[in-house]
There are 2 protein chains.
Amino acid sequence: MSRDETDPISRAEQSEGTAGTACCAEVPKVEEDTVVADVQLLSALGNDTRYELVRRIRAAESDVCVCDLEAAVGLSQSAVSQALSRLYSAGLVTRRKEGSWRYYSLTDDAEQLVETFDALRTDDE
Amino acid sequence: MSRDETDPISRAEQSEGTAGTACCAEVPKVEEDTVVADVQLLSALGNDTRYELVRRIRAAESDVCVCDLEAAVGLSQSAVSQALSRLYSAGLVTRRKEGSWRYYSLTDDAEQLVETFDALRTDDE
DNA sequence: CTACTATATTAGAATATGCTTATATTAGCA
DNA sequence: TGCTAATATAAGCATATTCTAATATAGTAG
């Protein structure tokens with residue numbers, strides 16, 4: 001698929017205050033919302049604890065409860081709960097309540113991102 | 001492509017110390033190196049300044065010198081240099097020297113990651 | 001009701017991050 | 001050589017992050 005049209009970046013636009021500089025071309029501005037939204041996802045995943053949780057949830061056959069994740073990553077219950085909350089508000093996991101347990105699983109976004117990283121490693125470019 | 005075989009996660013394995021717990025299945029362990037390597041990339045991208053730099057470099061027609069990026073993101077020369085260094089050591093940008101200028105462009109990894117994010121937004125799942 | 005279990009939330013301390021300022025390096029030119 | 005421009009690096013401060021410990025909430029069982 002060609003991505004030039006769907007690209008959310010506005011091209012060829014006045015940069016702010018450096019119109020006639022010497023060294024190279026204008027640098028187009030980037031959609032502010034795009035940056036903020038993507039960084040939200042990236043920074044939620046860009047942490048050892050949270051990324052390991054995502055990986056473990058994905059590797060499990062079914063959805064996973066907090067108590068088992070807690071044992072798996074070796075942190076306090078509170079730390080795991082906070083990490084999962086952050087992943088939840090970033091839209092990377094969903095949760096389902098069953099009795100007093102909460103079962104977490106990945107969203108499609110998270111699945112796709114993890115797959116992309118696996119692909120990068122596989123292509124070893 | 002089926003990803004079940006290339007998946008770098010070791011499945012169905014003793015979790016550490018919670019063998020007979022009640023609530024749910026075992027949580028497989030995750031390759032430590034995988035987590036560390038991916039988080040390296042994710043945390044490098046997961047910052048407003050650095051992600052905006054990546055977006056701007058990508059949006060430019062050719063590779064971009066530090067001075068123009070500096071003007072574009074509105075931070076000090078030092079801040080931009082540090083951000084680009086971080087992106088460089090994460091393997092997200094390459095740099096080429098021409099005279100006293102340094103021209104930065106994206107690596108294939110960075111291209112692919114940004115494309116993935118655009119795709120997530122486009123599919124609006 | 002009480003007691004217990006699973007999870008969430010709050011508070012606070014230790015550490016990490018990201019900027020600015022100042023200084024170092026490197027290239028080009030007189 | 002010395003001067004200037006482009007970039008990199010170092011030091012330090014302000015703020016953000018991420019834990020732990022303590023407490024709150026909700027659900028289950030007696």
Side-chain angles (χ1 to χ4, degrees), chain A residues 18 20-25 27 35-36 39-54 56-57 63-90 92-105, chain B residues 18 20-25 27 35-36 39-54 56-57 63-90 92-105:
Chain A
T18 4
T21 322
C23 71
C24 54
V27 178
V35 171
V36 171
V39 166
Q40 192 66 20
L41 281 188
L42 285 161
S43 59
L45 277 179
N47 165 270
D48 287 326
T49 300
R50 291 190 296 268
Y51 192 69
E52 179 163 4
L53 288 174
V54 165
R56 282 185 186 266
I57 292 170
D63 47 3
V64 186
C65 73
V66 182
C67 62
D68 284 342
L69 291 168
E70 194 182 324
V73 301
L75 290 176
S76 70
Q77 176 268 321
S78 175
V80 173
S81 182
Q82 290 176 63
L84 289 169
S85 282
R86 174 84 190 270
L87 291 171
Y88 180 76
S89 34
L92 290 163
V93 298
T94 56
R95 53 192 181 194
R96 156 176 86 81
K97 211 167 195 171
E98 189 171 313
S100 49
W101 287 277
R102 271 282 177 83
Y103 289 89
Y104 283 81
S105 58
Chain B
T18 4
T21 321
C23 73
C24 52
V27 179
V35 172
V36 171
V39 167
Q40 192 65 20
L41 282 188
L42 285 161
S43 60
L45 277 179
N47 165 269
D48 288 327
T49 301
R50 291 191 297 268
Y51 192 70
E52 179 163 2
L53 287 174
V54 165
R56 280 184 187 267
I57 292 171
D63 46 5
V64 186
C65 73
V66 182
C67 62
D68 284 342
L69 290 169
E70 194 181 323
V73 301
L75 289 177
S76 71
Q77 175 268 319
S78 175
V80 174
S81 181
Q82 290 175 64
L84 289 168
S85 282
R86 174 85 190 269
L87 291 171
Y88 180 76
S89 33
L92 290 163
V93 299
T94 55
R95 52 191 181 196
R96 154 177 86 80
K97 212 166 196 174
E98 189 171 313
S100 47
W101 286 278
R102 271 280 176 84
Y103 290 89
Y104 283 82
S105 57

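Computed over heavy atoms, backbone and side chain alike; hydrogens, waters and symmetry mates excluded. Each chain gets a letter, A, B and so on, in the order its sequence line appears, and its residues count up from 1. None of the values given here were measured: they were computed from a predicted structure.
No donor-acceptor pair under 3.5 Å is formed between the side chain of A/R95 and the backbone N or O of A/R102.
Residue pairs that meet the side chain to side chain donor-acceptor pair (under 3.5 Å) test with at least one member in residues 70-80 of chain A, sequence neighbours left out, are A/S78-A/Q82.
D/dT15 atom C1' lies 14 Å from atom CG of B/D48, rounded to whole Å. Rounded to whole Å, the distance from OH on A/Y51 to C1' on D/dT17 is 20 Å. Distance, A/R96 CZ to C/dT7 P: 12 Å, rounded to whole Å. At whole-Å resolution of the value, CD in A/E70 and P in D/dC19 are 13 Å apart. Look at CG on B/L53: it is 13 Å from P on D/dT7, rounded to the nearest Å. Rounded to whole angstrom, the span from the CD atom of A/E52 across to the C1' atom of D/dC19 amounts to 15 Å. The CH2 atom of B/W101 sits 11 Å away from the P atom of D/dA5 (whole-angstrom rounding). Straight-line distance from the CD atom of A/E98 to the P atom of D/dG27: 13 Å, rounded to whole Å.
Contact annotation: B/R95 side-chain N/O to D/dA8 OP1/OP2 distance is under 4.0 Å. One finds a side-chain N or O of A/N47 lying less than 4.0 angstrom from the OP1 or OP2 phosphate oxygen of D/dT18. Between A/R102 and the phosphate of C/dA6, there is no side-chain N or O to OP1/OP2 separation shorter than 4.0 Å. Taking side-chain N and O atoms only, B/R86 has a distance below 4.0 Å to OP1 or OP2 of C/dG18.
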Listing time: all N or O pairs from protein to nucleotides 20-26 of chain C that are below 3.5 Å?
residue : atom : partner : partner atom : Å
C/dT20  : OP2  : B/S76   : N            : 3.3
C/dT20  : OP2  : B/S76   : OG           : 2.9
C/dT20  : O4   : B/Q82   : NE2          : 2.9
C/dT21  : O4   : B/S78   : OG           : 2.8

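Using a 4.5 Å heavy-atom cutoff, the side chains of B/R56 and B/V64 are not in contact. For the pair A/L84/A/I57, a side-chain contact is recorded, criterion being any heavy-atom separation below 4.5 Å from C-beta on.
A donor-acceptor contact closer than 3.5 angstrom links the side chains of B/R86 and B/S43.
With sequence neighbours left out, B/Q40 forms a side-chain contact (heavy atoms from CB on, under 4.5 Å) with no residue at all.
For B/C67, the side-chain atoms get nearest to D/dT7 when compared with the rest of D/dT7, D/dT18, C/dC19.
Comparing B/Y104 and A/S43, the nucleotide of DNA chain D nearest to each residue sits closer to the 5' end for B/Y104.
Residue-level contact check: A/Y88 touches neither bases nor backbone, having no heavy atom under 4.0 Å from any strand.
When A/V66, A/D63, A/V54 are each tested for a side-chain contact (heavy atoms from CB on, under 4.5 Å) with A/Y104, only one passes: A/V66.
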